[in-house]
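Structure first, then comments.
Whatever order the structure lists them in is the order used to number ligands and atoms, beginning at 1. When a residue number appears, it is its place in the shown sequence, counting from 1.
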Amino acid sequence: MSFENLSIEREGAVAIVTVNRPAVLNALNTRTLEELGRAILELKHDEAIRAVVLTGAGEKSFVAGADINELAVQSPTGGREHAIRGQQVLDLIEHMGKPVIAAINGYALGGGCELAMACTIRMAADTARLGQPEINLGIIPGYAGTQRLARLIGKGRALELLLSGDQISAQEAHRLGLVNRVLPAAELMAEARKLAATLAAKAPIAIRYILDAVHQGLEMPSAQAHTFEATLFGLVASTEDMREGTAAFLEKRKPAFKGR
Ligand code: COA
């Protein structure tokens, strides 16, 4: 895979994907979004990779939003297509079937906050700043931020952030439930890698089904979601990993999951 605006490192079963346009605080232009979509698809189908860490290059920014140079000249039909393309890439991340940890190392604004919300778990440096400042540009979020934010932190809190456009600190984002953990900036990447390695050692099929049960189940009426969960629970019983996990417990040893 060759990229202009992304870098990918592999450490065992963990891939570290870094958005790399530090001169513009890692803003997402069309090319970067396209590269991100391509990278995620490739990692989704790579059986050697079981977890991903997503971060931004440099010390200042995770992703400071969509590229405002492109937004400034968009047409109505082009804007709609741009939003749909962005949503598709973020949906790919949410539905890749492997945990994606956002290591929010600085600004996560607009499309950057939306990108972090499409990830499975958000870890933020204590120096990070988050928000949906689109309103200050006379626009609205277009990568499904209105939807993910309201689902993640509740409608009332989401509306305040979306309508004010205010940036909030990592600590405030943690209080609101927008990020899972806040860490000293110097420890962020090591902790993100550690969590990714821990998740990468779990049973991959069970991981995938938990992600499906939560993401898809939340969109269903609850009785149907319960049945969906039960079906996945039954399906996971067909895996070698279930036999390995239960046998390892009974034999008092660590399981070795193979994703089969
Ligand atoms: N799109 C394009 N360029 C961006 C950008 C974006 N979303 N965010 C930052 N940049 C560029 C700046 O234009 C600047 O470029 P320059 O050096 O050629 O002037 C460079 O990145 C550094 O940003 P700067 O604004 O000088 O840094 P700062 O520390 O003063 O402020 C921010 C940092 C994040 C508060 C500020 O850059 C900002 O508000 N960015 C836009 C955030 C936003 O509205 N995102 C949502 C878009 S939908």
Side-chain angles (χ1 to χ4, degrees), residues 3-7 17-37 54-94 102-119 122-150 152-153 157-174 176 178-179 182 185 188:
F3 300 111
E4 191 174 287
N5 300 328
L6 285 188
S7 66
V17 177
T18 305
V19 179
N20 191 12
R21 295 183 81 210
V24 286
L25 306 184
N26 307 319
L28 297 175
N29 61 0
T30 303
R31 175 162 190 142
T32 312
L33 262 180
E34 180 271 319
E35 290 186 353
L36 196 52
L54 179 61
T55 192
E59 296 191 346
K60 199 167 161 185
S61 185
F62 174 69
V63 166
D67 192 312
I68 297 171
N69 297 293
E70 289 186 358
L71 296 181
V73 294
Q74 69 187 356
S75 66
T77 50
R80 183 174 187 273
E81 292 312 309
H82 169 94
I84 289 172
R85 246 190 341 262
Q87 290 175 6
Q88 285 170 341
V89 173
L90 270 52
D91 286 351
L92 266 181
I93 293 174
E94 191 167 84
I104 305 171
N105 55 312
Y107 291 113
L109 300 175
C113 190
E114 291 173 301
L115 177 62
M117 288 191 288
C119 295
R122 282 152 294 285
M123 297 172 80
D126 52 5
T127 49
R129 310 274 303 165
L130 296 92
Q132 297 289 158
E134 288 88 347
I135 190 70
N136 299 327
L137 300 169
I139 61 171
I140 73 169
Y143 301 164
T146 58
Q147 302 309 298
R148 286 203 176 88
L149 190 61
L152 206 53
I153 69 173
R157 291 163 158 183
L159 281 169
E160 186 176 347
L161 279 180
L162 292 162
L163 295 176
S164 70
D166 285 347
Q167 284 180 18
I168 57 171
S169 66
Q171 291 74 11
E172 177 67 358
H174 184 247
L176 294 175
L178 179 52
V179 300
V182 180
L188 175 69

(Q) Show me which atoms of ligand 1 lie under 4.0 Å from any heavy atom of Leu109. (A) 34 (C), 42 (C)
Q | For atom 31 (O) of ligand 1, closest protein heavy-atom neighbour | A | Tyr107 OH, 4.4 Å
**Q.** Is_contact(atom 24 (P) of ligand 1), protein non-hydrogen, under 4.0 Å
**A.** no
Q: Might you work through the side-chain contact (heavy atoms from CB on, under 4.5 Å) test for Glu114 and Gln132, ending with a clear yes or no?
A: CA-CA 8 Å; Glu114 291 173 301; Gln132 297 289 158; 3.6 Å; yes
Q | Subset of ligand 1 atoms that lie under 4.0 Å from at least one heavy atom of Ala23 | A | 20 (C), 21 (O)
Q: Could you tell me whether ligand 1 has any atom less than 4.0 Å away from a heavy atom of Gly111?
A: no
Q.
For a quick test of reading the model, state the closest non-hydrogen atom pair linking Gly131 to Cys113 and the distance between them.
A. O-CB, 3.4 Å
Q) Does the side chain of Thr55 pick up a donor-acceptor pair with the side chain of Asn105 at under 3.5 Å? A) yes
Q.
Suppose we measure from atom 44 (O) of ligand 1 to each protein heavy atom; which comes out shortest, and what is that distance?
A. Pro133 CG, 3.5 Å
Q | From Ile68, Leu25, Val24 - option closest to atom 41 (C) of ligand 1 by heavy atom | A | Ile68
Q. Checking side-chain contact (heavy atoms from CB on, under 4.5 Å) against Tyr143, which of Arg148, Gln88, His82 comes through?
A. His82
Q: May I ask you to test the Leu149-Leu178 pair for a side-chain heavy-atom distance under 4.5 Å?
A: yes
Q) From atom 19 (O) of ligand 1, is the closest protein heavy-atom distance below 4.0 Å? A) no
**Q.** atom 27 (O) of ligand 1 protein-contacted, heavy-atom criterion under 4.0 angstrom
**A.** yes
Q) Within a radius of less than 6.0 Å around CD of Gln171, do more than 12 heavy atoms belonging to other residues, nucleotides or ligands occur? A) yes
Q | Nearest protein heavy atom under 4.0 Å from atom 36 (C) of ligand 1, yes or no | A | no
(Q) Please check this pair: side chain of Asp166 against backbone of Leu161, looking for a donor-acceptor N/O pair closer than 3.5 Å. (A) no
Q: For Ala173 and Leu130, work out which heavy atoms get closest and say how close.
A: CB-CD1, 3.8 Å
Q) Are Glu35 and Arg31 close enough for a salt bridge, meaning some N to O gap below 4.0 Å? A) yes
Q. Would a distance-only check, ignoring hydrogens and angles, find a side-chain to backbone donor-acceptor pair under 3.5 Å from Asn26 to Ser61?
A. yes
Q | Pick from Gln167, Lys60, Glu134, Gln132: the one approaching atom 29 (O) of ligand 1 most closely through a non-hydrogen atom | A | Lys60
Q) Would you say the side chain of Leu28 lies within less than 4.5 Å of the side chain of Val89, judging by non-hydrogen atoms? A) no
Q | Proximity winner for atom 8 (N) of ligand 1, if only heavy atoms of Ala64, Gly165, Ala72, Gly131 are counted | A | Ala64
Q. Quick one: which of Asn26, Leu71, Ile140 has a heavy atom closest to atom 48 (S) of ligand 1?
A. Leu71
Q. Taking N or O atoms only and a 3.5 Å limit, does Ala66 qualify as a polar contact for ligand 1?
A. yes
Q | Heavy atom of protein closer than 4.0 angstrom to atom 13 (O) of ligand 1 | A | no
Q) Protein heavy-atom contact under 4.0 Å for atom 16 (P) of ligand 1? A) no
(Q) Checking contacts now, so for atom 1 (N) of ligand 1, which I'm interested in, is there any protein heavy atom under 4.0 Å? (A) yes
